Amino acid sequence: MIYLDNAATTKPNLAALEKAKTYLTEQYFNPSALYKEGYTISGELKKARSVLLSKIADETAFELVFTSCGTESDNQATFGFARRGNAVTTAGEHSAIAAAFAELKNKGIAEPRFAPLEQDGRVNVEKLLALVDEKTSFVSVMHVNNELGSINDINAIAKLVKQKNPRVIFHSDGVQAYGKLPFRLAKEVDLYSISAHKLGGLKGVGGLIKRKSLTLAPYIIGGGQEAGRRSGTENVFGIQQFAFAAEEKFSTLKADFERIKTLRETLWNGLDQTIFQRLSPMDGSPYILNISAVGLRGEVLLHLANDKGLLIGTGSACSSNAKTRYSKVVLACGYNEQVADGVLRISFSSATTEAEIAEAIGILNEIGRDLRKRMQ
Ligand code: PLP
């Protein structure tokens with residue numbers, strides 16, 4: 001099997017699993033317990049928090065709240081801060097933000113505003129800024145687009161937004177960026193969502209990085225864990241495994257970035273370009289290559305590839321339950337329905353090999369040519 005759907009999820013880091021196992025089998029104590037075993041676990045959580053946070057942020061200015069996933073982090077940010085007036089986001093967001101913004105309207109909390117995209121999948125910054133006014137309470141702009149891999153310069157955008165309205169709370173969904181792009185958070189970014197399972201961690205573990213001076217109204221209340229910001233007994237095993245996996249991922253981040261960029265270009269150059277059109281920009285995240293087999297159905301190709309042992313996606317895995325046939329993000333980039341219908345998302349991890357890329361090229365060209373012949 002060749003697994004090239006790593007933007008949907010990645011294989012858990014097995015060495016990190018092994019290292020974290022003790023938190024399931026021996027050190028399984030509740031971190032809030034008052035005896036010393038509990039206290040020790042609480043100290044271990046503190047270390048994991050520091051590892052994860054320090055990779056991208058200044059620990060004197062930011063802190064990390066553990067959540068159950070990237071979706072929860074995005075929802076917590078939106079419902080915690082879009083509380084009046086209007087809230088601005090982009091037409092390219094993952095459903096964790098897009099659906100939360102729709103809910104702001106349904107519940108009459110705030111007026112949602114959506115900034116259009118450029119053809120390469122980045123937000124049109126000028127048009128985004130035009131939507132920000134004195135009544136804007138919250139702005140959310142994703143860091144790396146999960147369908148196209150396009151990168152928004154969120155530090156620069158946050159700065160421009162704050163120049164227009166300094167009271168705005170600025171959030172970014174960093175789920176596809178964390179551990180993959182060389183990056184550090186600027187002080188103008190107030191909130192940043194991360195998720196473990198995109199870089200070798202487990203599904204069901206996430207975090208919301210927040211500026212320390214910001215008061216977070218908790219979305220989940222109860223026992224007051226996470227300093228009252230997110231109740232619920234912490235997933236100690238999952239968090240430790242996340243920290244161990246992140247430690248490894250960040251130690252090879254730059255080398256992986258360059259190597260995967262080369263693999264992405266090798267794949268693209270090997271594809272039959274009379275069949276496939278490239279939608280991902282050259283300067284996007286190297287981890288994602290979005291292509292369209294224009295005139296063919298991406299979903300059919302996905303199943304044909306699956307039969308040959310190649311696992312790829314058609315867009316956001318989280319939208320595969322949605323009723324709409326076409327990717328809203330691809331349409332928002334200005335492509336027509338025929339292009340949107342042919343979309344395939346191929347996404348890499350640090351474990352992807354050259355041999356896998358060579359085999360994937362052969363399979364994609366073969367199924368693309370076969371299907372085209374059948375359609376003629
Ligand atoms: N945001 C982006 C950009 C994503 O790609 C994903 C997952 O696909 C999420 C949020 C949701 O993260 P999780 O699966 O941890 O809820």
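Just so we're clear, the structure is a prediction, and the values are computed from it rather than from any experiment. Values below: every heavy atom of this structure, side chains too, minus hydrogens, waters and symmetry copies.
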Give a yes or no on whether a salt bridge exists between K46 and E44, defined as a side-chain N under 4.0 angstrom from a carboxylate O.
-> no
For side chain to side chain donor-acceptor pair (under 3.5 Å), just list the numbers for N75 and E72, CA-CA rounded to whole Å, side-chain angles, deciding distance to a tenth of an Å, and then say yes or no.
-> CA-CA 5 Å; N75 274 237; E72 184 191 323; over 6 Å; no
Under the ring-ring contact (aromatic ring centres under 6.0 Å, His included) test, residues paired with F79 that sit two or more places apart | Y219
Sequence neighbours left out, what pairs pass side-chain hydrogen bond (donor to acceptor under 3.5 Å, both in side chains) with at least one residue falling in residues 82-92?
-> N86-D133, N86-T136, T90-E93
Residue pairs, two or more places apart or on separate chains, that pass side-chain hydrogen bond (donor to acceptor under 3.5 Å, both in side chains) and touch residues 51-64 | S50-E59, K55-E247, D58-T60, E63-K210, E63-R229
F183 and Y192 aromatic ring geometry - parallel, tilted or perpendicular at 30°/60° bounds = parallel
Please work out which of the three classes, parallel, tilted or perpendicular, describes the rings of H171 and F138, given edges at 30° and 60°.
-> parallel
Check D256, L4, I260 against T352 for a side chain to side chain contact (heavy atoms under 4.5 Å, CB included) and give me the one that passes.
-> L4
Could you give all pairs that pass the ring pair (Phe, Tyr, Trp, His ring centres under 6.0 Å) test and reach residues 28-55, with sequence neighbours left out?
-> none
Enumerate donor-acceptor pairs with a distance under 3.5 Å from any side-chain N or O in residues 148-157 to protein atoms, sequence neighbours excluded.
| unit_1 | atom_1 | unit_2 | atom_2 | d |
| --- | --- | --- | --- | --- |
| S150 | OG | D120 | O | 2.6 |
| N152 | OD1 | V123 | N | 2.9 |
| N152 | ND2 | M142 | O | 2.8 |
| D153 | OD1 | A156 | N | 3.3 |
| N155 | OD1 | A186 | N | 3.0 |
| N155 | ND2 | R184 | O | 2.9 |

With sequence neighbours excluded, tell me which residues meet side chain to side chain contact (heavy atoms under 4.5 Å, CB included) with D370.
-> E366
Do Q176 and S285 get their side chains close enough for a donor-acceptor pair, meaning under 3.5 Å?
-> no
